[in-house]
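This report concerns only the one structure given below.
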Amino acid sequence: MVKIHEKKFVSADPEKCVGCQVCEYICSLTKGKAFNPLKSRIRVIRMNQLVNLAVTCRLCEDPPCVAACPRDALTQSEETGVIQVDEDKCNGCGWCIEACDYGAIMLHPENKVVYVCDLCKEQGEPQCVKWCPEEALDLVTSDVLAQKARITAVKKLFQEALKTTK
Amino acid sequence: MYGYAGRILHIDLTTGKTHVELLNEEYAKKYIGGIGLGMRLWLDNSKPGVEPFSPDNPLVLSTGPISGSVWPTGGNGHAFVSKSPQSYGVGEAKSHGSFGTEMKRAGYDAIIFKGKAEKLAYVWIDDDSVQILDASHLAGKSPADTEEAIREELGDYYIRVAAIGSAGEKLVRIACIINDKTRAAGRTGLGAVMGSKNLKAIAVRGTRDIMAAKPDEFMEYVKEFHERMKGPATQKYRTLGTPENVLVHNSLSCMPTRNYNNSRFDSAEKVSGESLNERFVAKIIGCSSCAMRCEHMCVVAEGPYKGTMTRMEYETLWAMGPYCGVDRLDAIIKGMDLCNYYGIDAISAGVIAGFAMDCYEQGILTQEDLGGIDARFGNAEAMVKLIEMIGKREGIGDILAEGVKIAGEKIGKGAEKLGQHIKGVEVTGYDLRALKTAALGFAVSFRGADHNRHGAYAFDVKGKVNRLVAEKGRGKLVKDMEDVYNLIDSFIVCKFSRGTYYKELEDMTKLYTLVTGIEMTPEELKKTGERINNVARLFNIREGLTRKDDTLPYKVMHQPITDEGPSKGAYVSQEELDLLLDDYYASRGWTREGIPTVEKLEELGMDDLIPIVEGKTARQMEE
């Protein structure tokens, strides 16, 4: 079983994300051989012009999507934490979609089964992270996210001191 | 077809009938998309002399072959083309954001709106389903609020909307069409054409796949351009943004100030790009598929305009700032926000406000005429109030909403000379007296006064030519730039990315073929840029424009620059303009009257449009 502090997922830095949707185009191309944000496993939300964020699967502990599936179509990989969809079992009922707090699992418009970020296991690394022009996307563990947040907070607190020691 | 959707949607707002026409590959290759295809389709679907506000004036909405792909800056564009209620010739404007990409996925290269809805309506295009829906509850709403409301009622956050504000509904001649809240198809008044059709908004959702003809090579090329976009070619747009121009233009004494009474602004530092970024820019965001991002979002944090948030660029900052003598950035940002709210072209709005201020200072308009406003140059509150009055057609705003040309004629008493425009379209932020290559570019621009049809100012500003001299050779400089700009606006890629096409035509040719699979050579593409300029010229000729309309604003030709500095004494005389025009027409292979010859049209494969010039060239020979 993958340990919590080793489990990596794709996360967007709200400071850096500009809402350009390049990740959506790249994801749909990688997974579906076409440009179509509707088939992307990462989606961008622009609340207003200042608030932009790409959102995808967070690989939760005890994932509610897995728990919600009445047909046992969803499982979580013990090795990586990725949510796996058994397309033969999935009937597109959408319980998992309702259960996900992040809107990270979606119904495929043509296949009529759900799909979710798999960290581009075939390509070896998430293509959205590789292509993001703003370097806003990162493959991180929750430990690293927490570290980043701490560093940002401390930097803000000690802005002046950091300036003088530069 | 790859790249292209291969379909053109016709919507008759009078009858409610729609039909789909297939896009033939010959048209695609000859006119590319965007404004090129748009102008050709407009000609095919209209009768000569149609009134801009007539139901018979088609409003063409088009995307380019690149739209819908991940091509950096190119995946997202769309263009509007119609007969302009300002110039009575070519009206065209592009916008970026995320509307064009959605329209392409819905399966259309172009949508042609004709007729007039019985009452205010919006069109809901959901792939193959097209509905004309009641919009009476949206009357008076801003484009941004309209977008929100439509998404809400159709129940999908990702629906994209292009809408007009109250100004478009009231046929304000500088009305624009806005998508994604702050992105405008701004110039030439096409929002008023949309308003004349009772068309409040176009909502679209597209679910089709978009594929490039040669996907692997295409993605390699995308990767290369992602790298180029991180380099020096786009640095300006990623850092200070276009407002960097304020101090550059000011130092060259070529920034029209106080309605062209000056060519430099004593308070330029206060409204500089540097100042804007330091004090107001909160975030720089990007359009769909962009890899450079440029949209400088400004927020006013304190004072009377606290809470205002909008995008700012040089032209709009200049128009509501230096052109009105205004040195307060918070007020300029407020003015911009109001332009977005009412849905008006912020360049023209600022120029009209400057014009009104000049009329006031000259005693042509009184404080009473202006509804009590003390419209001195530099009065920031007066500028904001004037913008509001134009947007609402309130008081004097009702006349000003006609644009400086018509307003000048209506006001009279010399106001005609104070309105600075070309072909009825208000000037932009380049003092043409001191930039003579630009002056030619502006004079011949097929959509009236505009820097975005040629970029010819670059030769002047960068010192590649003597900017204060009119001489032979400028014609070819302008022509070549125009032809490239025509391609940029037909593909549609963003002009801010133009520097990343290191080998210009060669790079664009490669892009075109990788996306569409249609073979093309750089020479053919060059010819295509020329063809698009000729189709625009034929549009204007058919609608009655002549050499006389290829002219310059009154002050550019009659009021030399008085400011001390490098441009003092500069202006453009009739002789200089004639020399420039003759040179330009010759380089285009047009007659001295500026009419494309039959031979030229044959050379460009435009035989089917020869009837437009027939008789005209012969008549001139007799003269």
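If you're wondering where the values come from, they're calculated on a predicted model, not measured in any experiment.
Distance check, rounded to the nearest 0.5 Å: CG of B/N76 to CD1 of B/I66 gives 11.5 Å. Rounded to the nearest 0.5 Å, atoms CZ (A/R58) and CZ (A/F9) are 4.5 Å apart.
For A/C132, no part lies under 4.5 angstrom from a heavy atom of chain B. At a 4.5 Å heavy-atom cutoff, the contact between B/E295 and chain A is made by side-chain atoms alone. The contact between A/L29 and chain B is made entirely by side chain atoms (from C-beta outward), counting heavy-atom distances below 4.5 Å. Using a 4.5 Å cut-off between heavy atoms, B/R208 contacts chain A through its backbone alone, with no side-chain atom that close. For a residue to count as touching a neighbouring chain, one of its non-hydrogen atoms must lie under 4.5 Å from one of that chain's; by this rule B/M219 touches chain A with backbone and side chain alike. With a 4.5 Å cut-off on non-hydrogen atoms, A/E134 touches chain B through its side chain but not through its backbone. Heavy atoms of B/K223 lying under 4.5 Å from chain A belong to its backbone as well as its side chain. In this structure, chain A has heavy atoms under 4.5 Å from both the backbone and the side chain of B/V222.
When A/L38, A/V44, A/I45 are compared by the number of non-hydrogen pairs under 4.5 Å with chain B, A/I45 comes out ahead. Comparing A/E110, A/Q21, A/R43 by heavy-atom pairs within less than 4.5 Å of chain B, the highest count is held by A/R43. Options A/K33, A/E24, A/R46, A/K39 differ in how many heavy-atom pairs under 4.5 Å they form with chain B, and the most are formed by A/R46. Contact count versus chain B (heavy atoms, under 4.5 Å) is highest, among A/P37, A/C20, A/A34, A/G32, for A/C20. Taking chain A as the reference chain and counting heavy-atom pairs below 4.5 Å, the highest number among B/M229, B/R293, B/K181 is found for B/R293. The choice from B/P72, B/A282, B/S69 that makes the most heavy-atom pairs within less than 4.5 Å of chain A is B/S69. Note on B/T207, B/D180, B/D209: by heavy-atom pairs under 4.5 Å with chain A, the leading option is B/D209.
A cation-pi arrangement is absent between B/R160 and B/F99 under the rule of less than 6.0 angstrom and at most 45 degrees off the ring axis.
Proximity of B/V204 to B/W124: side-chain heavy atoms (C-beta onward) are nowhere separated by under 4.5 Å. Using a 4.5 Å cut-off on side-chain heavy atoms (C-beta onward), B/N340 and B/P143 make no contact.
Taking the six-membered ring where the residue is Trp, B/Y512 and B/Y4 present perpendicular rings, their angle passing 60° and hence far from 30°. Ring geometry for B/W71 versus B/Y501: interplanar angle of 30 to 60°, hence tilted. Between A/W131 and B/H226, the ring-plane angle classifies as perpendicular under the 30° and 60° cut-offs.
The backbone N or O of B/T310 sits nowhere less than 3.5 Å from a side-chain atom of B/D337 that would complete a donor-acceptor pair.
Closest of all the heavy-atom pairs between A/R41 and A/V116 is NH1-O, 3.1 Å.
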